[in-house]
Novice: 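Following this message is one structure expressed as structure tokens.
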Amino acid sequence: MKLYNTLTRRIDTVKPLQAGRIGVYTCGPTVYDYPHIGNWYTNVRMDTLVRALRSEGLITTWVMNITDVGHLVSDADDGEDKLEKGARREGKTAWEIAEFYTKDFMNGLELLHIGTPDHIVKATDHIKDQIALIQRLDAKGYTYVIDDGVYYDTTKFEGYAAFANLDLDEQQAGARVSFNQQKRHASDFALWKFSAQGKQRDMEWDNPFGNGRQGFPGWHIECSAMSMKYLGESFDIHTGGIDHVPVHHTNEIAQSEAASGKRLAQYWLHSNHVTVNGEKISKSLGNGIRLQDISDKGIALDAVRLNILESHYRSQSKFSWDGLEAAANRLQHWRTIAAQVWQPLAEADSESVLSELTSAAHDIAAALADDLNTPLILSRVDQALSVLEAQAVAAAAIEPLKAFLAYLDTVLGIDLLAANGPLDETISRLIEQRRTARLAKDWAASDKLRDQLQSLGYGIKDLPAGSTQWFRL
RNA sequence: GGCGCCUUGGCGGAGUGGUUACGCAGGGCUCUGCAAAAGCUCAGACACCGGUUCGAACCCGGUAGGUGCCUCCA
């Protein structure tokens with residue numbers, strides 16, 4: 001497996017720290033609102049990474065966090081907690097907001113066939129771990145306390161700016177936003193924030209830092225604490241959206257590596273952003289398409305997954321309704337061909353099909369291992385399926401074809417075989433009745449049965465020899 | 001101002017030196033009682049200007065345009 005590694009800015013060959021096993025950590029959602037299409041691009045891509053690793057036989061432990069506290073409206077450590085803000089907006093508590101949107105997110109994972117991570121961990125369930133980590137950093141002299149919280153002194157961590165290639169001096173000179181004047185450096189960030197004087201938050205905890213003042217963790221510390229807890233102080237792959245490179249991941253590295261003295265992750269994989277109609281997705285533009293919006297248009301969510309795989313994870317991708325509809329057509333076409341698995345033709349040739357399946361599976365695995373080149377994989381699938389389409393499937397090729405489709409389902413998560421079970425008895429009786437009527441040239445009866453099948457969700461294709469193929473609509 | 005990225009046919013999108021993948025959309029034809037998400041087939045792109053090379057979408061330099069992060073944000 002080769003992946004573009006943000007740490008080295010090269011395509012590196014992945015070598016697990018522990019033979020045969022690999023750990024992956026993904027920065028998950030902040031659960032204060034519905035996820036939009038861009039979030040799903042990232043999640044599907046991370047899921048594809050995990051599927052690829054597993055398909056290579058690596059025992060993969062996938063950890064994803066849920067940020068349910070501490071992510072402020074501004075990364076400058078000012079402003080409100082997003083959860084508390086969401087709570088005010090909806091007249092609920094921050095806890096209720098977190099629960100509601102966590103459930104919604106989990107539902108989306110299922111709808112998009114994103115395999116559930118082995119550990120989905122919440123920041124609020126790991127307050128003690130976070131406090132312990134801050135104390136560790138404190139003991140090593142990386143922290144300082146000011147009026148509103150405990151901060152990390154980024155100048156104490158050598159190489160702080162290296163990960164994101166930042167020039168801190170230039171950034172400060174060109175900074176567009178003034179920062180808390182008590183902070184020693186613009187790049188310093190909060191490890192722990194104290195609740196504002198006289199205000200009670202929905203989410204706040206006792207802590208050893210504030211002389212009795214309640215408080216809550218900063219956004220970055222949760223990922224350091226939880227990734228180390230579940231995957232160890234040094235693990236294999238850390239992933240997230242590309243926007244995390246300069247702030248969140250830079251800070252995470254500073255926290256974890258300062259505390260442990262070890263390299264946090266060997267490989268960092270970042271998903272590029274997606275634009276909608278050429279514009280970036282943002283709250284202010286109001287172009288954050290949700291899964292519900294897609295369902296509302298009558299488009300099956302399976303197509304979303306295929307649509308996402310049509311782009312490479314490192315390119316700035318484009319979402320459009322036309323593109324999504326094209327993906328839906330393509331998926332339908334694939335399923336139509338896949339349905340042949342249940343209707344083999346005894347006389348068909350199987351040699352060329354078998355060799356095509358073998359070489360396709362080989363090519364697909366290679367493309368996957370080559371920095372997750374999913375667009376290339378899809379073209380290979382098209383090529384393989386067109387061979388099947390051109391020459392009905394022989395009985396002898398059925399089992400290998402099933403295995404091939406199952407492989408695609410496993411690796412791509414698109415349900416070619418799974419959504420294509422054998423016919424139930426009623427349908428197969430109708431198909432046979434129509435075939436009989438047609439052979440008897442009873443066009444009226446034959447067409448009526450075809451309409452009936454269509455209304456039941458089945459399409460019909462008559463083959464020259466008088467036999468019939470069906471497919472699900 | 002700093003750090004990046006991108007520019008392939010109507011749309012999406014592979015392809016890192018040698019018959020310009022592939023899908024969607026489009027044209028034509030064929031099969032068929034009709035129909036088909038059936039078959040066959042056609043057309044169509046490598047932003048621009050130089051350079052390297054026998055040969056460049058692919059390497060180098062420049063130009064133009066676009067765009068991301070540095071604030072929200074996957």
Side-chain angles (χ1 to χ4, degrees), chain A residues 9 26-30 33 35-46 71-76 78-79 82 161 164-177 179 186-187 239-248 250 270-275 278-285 288 306-307 309-312 314-337 367 373-383 386 389-391 438 441-444 446-447 450-451 454 459-464 468-473:
Chain A
R9 314 261 162 183
T26 295
C27 284
T30 300
D33 203 346
H36 57 62
I37 188 70
N39 301 108
W40 294 121
Y41 266 72
T42 300
N43 286 306
V44 165
R45 287 161 169 176
M46 297 320 159
H71 196 162
L72 301 185
V73 169
S74 158
D75 279 346
D78 299 323
K82 290 182 178 181
N165 254 339
L166 300 176
D167 184 333
L168 295 177
D169 294 337
E170 291 295 342
Q171 292 218 343
Q172 288 188 19
R176 282 181 276 163
V177 180
F179 58 91
S187 53
T239 75
I242 196 171
D243 54 301
H244 284 152
V245 174
V247 178
H248 183 54
T250 289
H270 291 99
S271 167
N272 208 329
H273 282 182
V274 56
T275 57
E279 293 179 305
K280 65 174 179 170
I281 299 172
S282 72
K283 288 266 182 281
S284 56
L285 290 169
L306 189 60
N307 192 208
L309 294 173
E310 282 173 340
S311 65
H312 190 269
R314 277 197 289 125
S315 68
Q316 185 169 290
S317 312
K318 304 161 192 173
F319 173 87
S320 70
W321 290 105
D322 284 351
L324 181 58
E325 281 166 25
N329 289 343
R330 188 181 198 178
L331 182 59
Q332 181 57 49
H333 185 215
W334 284 8
R335 286 186 174 159
T336 299
I337 295 168
N373 193 341
T374 55
L376 188 60
I377 290 173
L378 301 192
S379 106
R380 192 65 188 83
V381 173
D382 269 303
Q383 203 182 322
S386 71
E389 188 176 31
Q391 53 171 63
R438 181 167 174 274
K441 298 194 189 295
D442 182 354
W443 310 127
S446 154
D447 288 352
R450 184 166 66 199
D451 290 345
Q454 186 161 11
I460 288 296
K461 171 176 154 189
D462 294 320
L463 301 181
T468 292
Q469 280 195 338
W470 53 267
F471 49 91
R472 292 188 170 85
L473 296 171

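Naming: A, B, ... by sequence-line order, numbering from 1 per chain.
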Novice: Rounded to whole angstrom units, what separation is found between the CD atom of A:Q383 and the P atom of B:rA21?
Specialist: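 These atoms are roughly 11 Å apart.
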Novice: Could you work out which one of B:rA37, B:rC24, B:rG33 sits closest to the side chain of A:W443?
Specialist: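 The closest nucleotide is B:rG33.
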Novice: To the nearest 0.5 Å, how far apart are CD1 in A:I242 and OG in A:S271?
Specialist: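 The distance works out to 8.0 Å.
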Novice: Is the closest side-chain heavy-atom distance between A:H273 and A:D243 below 4.5 Å?
Specialist: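 Yes - at least one pair of side-chain heavy atoms lies under 4.5 Å apart.
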Novice: Using atom C1' in both nucleotides, what's the gap between B:rG15 and B:rU67 to the nearest angstrom?
Specialist: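 Comparing C1' positions in B:rG15 and B:rU67 gives a spacing of 23 Å.
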Novice: Just checking A:T275: base, sugar-phosphate only, or nothing, at a heavy-atom cut-off of under 4.0 Å?
Specialist: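 No contact.
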Novice: Output, in order, the C-alpha distance, side-chain angles, deciding distance and verdict of side chain to side chain contact (heavy atoms under 4.5 Å, CB included) for A:W470 and A:T336.
Specialist: CA-CA 8 Å; A:W470 53 267; A:T336 299; over 6 Å; no
Novice: If the cut-off is 4.0 Å, is A:K280 near the phosphate of B:rC69, judged by side-chain N/O to OP1 or OP2?
Specialist: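 For A:K280, the contact criterion (side-chain N or O under 4.0 Å from OP1 or OP2 of B:rC69) is met.
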Novice: How about A:H312 and A:N373: does a side-chain donor come under 3.5 Å of a side-chain acceptor?
Specialist: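 There is no such pair between these side chains.
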Novice: Describe the nucleic acid contact of A:H333 in one word from base, sugar-phosphate, nothing, applying a heavy-atom distance below 4.0 Å.
Specialist: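 The answer is sugar-phosphate, as A:H333 gets under 4.0 Å only of primed atoms, P, OP1 or OP2.
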Novice: A:A164 near the nucleic acid: base, sugar-phosphate alone, or nothing, with a heavy-atom cut-off under 4.0 Å?
Specialist: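 The residue A:A164 makes sugar-phosphate contact but no base contact.
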Novice: In whole angstrom, give me the gap between the P atoms of B:rU8 and B:rA57.
Specialist: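 Their P atoms lie roughly 15 Å apart.
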Novice: How many whole angstroms separate atom CZ of A:R450 from atom P of B:rA38?
Specialist: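 Going from A:R450 (CZ) to B:rA38 (P), I get 14 Å.
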Novice: Say we look at B:rC31 and B:rC22: how far apart would their C1' atoms be, to the nearest angstrom?
Specialist: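 Taking atom C1' in both B:rC31 and B:rC22, they lie 26 Å apart.
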Novice: Suppose you measure atom C1' in B:rA43 against the same atom in B:rA36; what distance do you get, rounded to whole Å?
Specialist: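 Each nucleotide's C1' atom is 25 Å from the other's.
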Novice: Which value, in whole Å, describes the distance between the P atoms of nucleotides B:rC24 and B:rG39?
Specialist: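 Between the two P atoms, the distance is 11 Å.
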Novice: Passes side chain to side chain contact (heavy atoms under 4.5 Å, CB included), A:T275 versus A:F319? Steps please.
Specialist: CA-CA 6 Å; A:T275 57; A:F319 173 87; over 6 Å; no
Novice: Atom CG of A:L378 to atom P of B:rC22: distance rounded to whole Å?
Specialist: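 Distance check: A:L378 CG to B:rC22 P gives 14 Å.
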Novice: When the distance from CD of A:Q454 to P of B:rA37 is rounded to whole Å, what number comes out?
Specialist: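 Going from CD in A:Q454 over to P in B:rA37 covers 10 Å.
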Novice: How far does the C1' atom of B:rC58 sit from the matching atom of B:rU20, given to the nearest Å?
Specialist: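 About 11 Å, rounded to a whole number of Å.
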Novice: How many Å lie between CD1 on A:I281 and C1' on B:rG68, as a whole number?
Specialist: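 Rounded to the whole Å, the gap is 13 Å.
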Novice: Scan A:D462 against the nucleic acid and name what it touches under 4.0 Å (heavy atoms): base, sugar-phosphate only, or nothing.
Specialist: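 It contacts base atoms.
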Novice: Roughly how far apart, to the nearest Å, are B:rC34 and B:rG26 at atom P?
Specialist: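 Their P atoms lie roughly 23 Å apart.
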Novice: Any chance you could list the contact pattern along nucleotides 4-16 of chain B? Use B for base contacts, S for sugar-phosphate-only contacts and - for none, protein heavy atoms under 4.0 Å, 5' to 3'.
Specialist: S-------SSSS-
Novice: Exactly one of A:D462, A:T468, A:D447 should register a side chain to side chain donor-acceptor pair (under 3.5 Å) with A:R438. Which one does?
Specialist: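 Answer after filtering A:D462, A:T468, A:D447: A:D462.
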Novice: Answer with base, sugar-phosphate or nothing: what part of the nucleic acid does A:R335 contact at a heavy-atom distance below 4.0 Å?
Specialist: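 No contact.
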Novice: Could you check whether any side-chain heavy atom of A:I337 comes within less than 4.5 Å of a side-chain heavy atom of A:F471, counting everything from C-beta outward?
Specialist: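 Contact flag for A:I337/A:F471 side chains = no.
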Novice: Kindly say whether, by distance alone, the side chain of A:R380 makes a donor-acceptor pair under 3.5 Å with the base of B:rC22?
Specialist: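 Counting by modelled atom types and ignoring angles, no donor-acceptor contact under 3.5 Å is found here.
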Novice: Roughly how many Å is it from CD in A:Q332 to P in B:rA38, rounded to a whole number?
Specialist: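 Distance, rounded to whole Å: 11 Å.
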Novice: Would you check if A:T374 and A:E310 make a side-chain contact, meaning some heavy-atom pair closer than 4.5 Å?
Specialist: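 Not touching, per the 4.5 Å side-chain cut-off.
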Novice: Would you mind reading off the distance between A:H244 atom NE2 and B:rA74 atom P, rounded to a whole angstrom?
Specialist: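 So the two atoms are 5 Å apart, to the nearest Å.
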Novice: Among B:rC24, B:rA36, B:rA35, find the nucleotide with the atom closest to the side chain of A:K461.
Specialist: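 Of the candidates, B:rA36 comes closest.
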Novice: Dot-bracket for RNA chain B, please, read 5' to 3', with Watson-Crick or G-U wobble pairs under 3.5 Å on both distances, ( ) within the strand, [ ] crossing, | other strand, . unpaired.
Specialist: (((((((..(((.....[...))).(((((.......)))))....(((((..]....))))))))))))....
Novice: Can you list everything that forms a salt bridge (Lys or Arg N to Asp or Glu O under 4.0 Å) with A:R314? Sequence neighbours excluded, please.
Specialist: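 Salt bridge (Lys or Arg N to Asp or Glu O under 4.0 Å) check on A:R314 returns A:D371.
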Novice: Would you say A:N329 reaches B:rA25's phosphate, i.e. side-chain N/O to OP1/OP2 under 4.0 Å?
Specialist: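 For B:rA25, OP1 or OP2 has a side-chain N or O of A:N329 closer than 4.0 Å.
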Novice: Want to settle it: does A:W334 or A:R438 sit nearer the 5' end of RNA chain B, counting the closest nucleotide to each?
Specialist: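 Nearer the 5' end of the strand: A:W334.
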Novice: Looking only at atom P, what distance separates B:rU16 and B:rC6, rounded to whole Å?
Specialist: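 Here B:rU16 and B:rC6 have their P atoms 14 Å from each other.
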Novice: Quick one: label A:G38 by what it contacts on the DNA or RNA (base, sugar-phosphate, nothing), any heavy atom closer than 4.0 Å.
Specialist: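 If one applies the 4.0 Å heavy-atom cut-off, A:G38 turns out to touch a base.
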Novice: Which part of the nucleic acid, if any, lies within contact of A:V245, taking any heavy atom under 4.0 Å across all strands shown: a base, the sugar-phosphate backbone alone, or nothing?
Specialist: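 Here A:V245 touches no strand at all.
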Novice: Hey, could you give me the OG/NZ distance between A:S311 and A:K318, rounded to the nearest 0.5 Å?
Specialist: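 Nearest 0.5 Å value for the OG-NZ distance: 10.5 Å.
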Novice: Measure from CG on A:D451 to C1' on B:rC34 and round the result to the nearest Å.
Specialist: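 Those two atoms, CG and C1', are 11 Å apart.
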Novice: With no hydrogens and no angle check, just 3.5 Å: does a side-chain donor-acceptor pair link A:Q332 and A:N329?
Specialist: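 Not at all, the side chains of A:Q332 and A:N329 share no donor-acceptor pair under 3.5 Å.
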Novice: Do A:T26 and A:R45 get their side chains close enough for a donor-acceptor pair, meaning under 3.5 Å?
Specialist: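 No, A:R45 and A:T26 have no side-chain donor paired with an acceptor closer than 3.5 Å.
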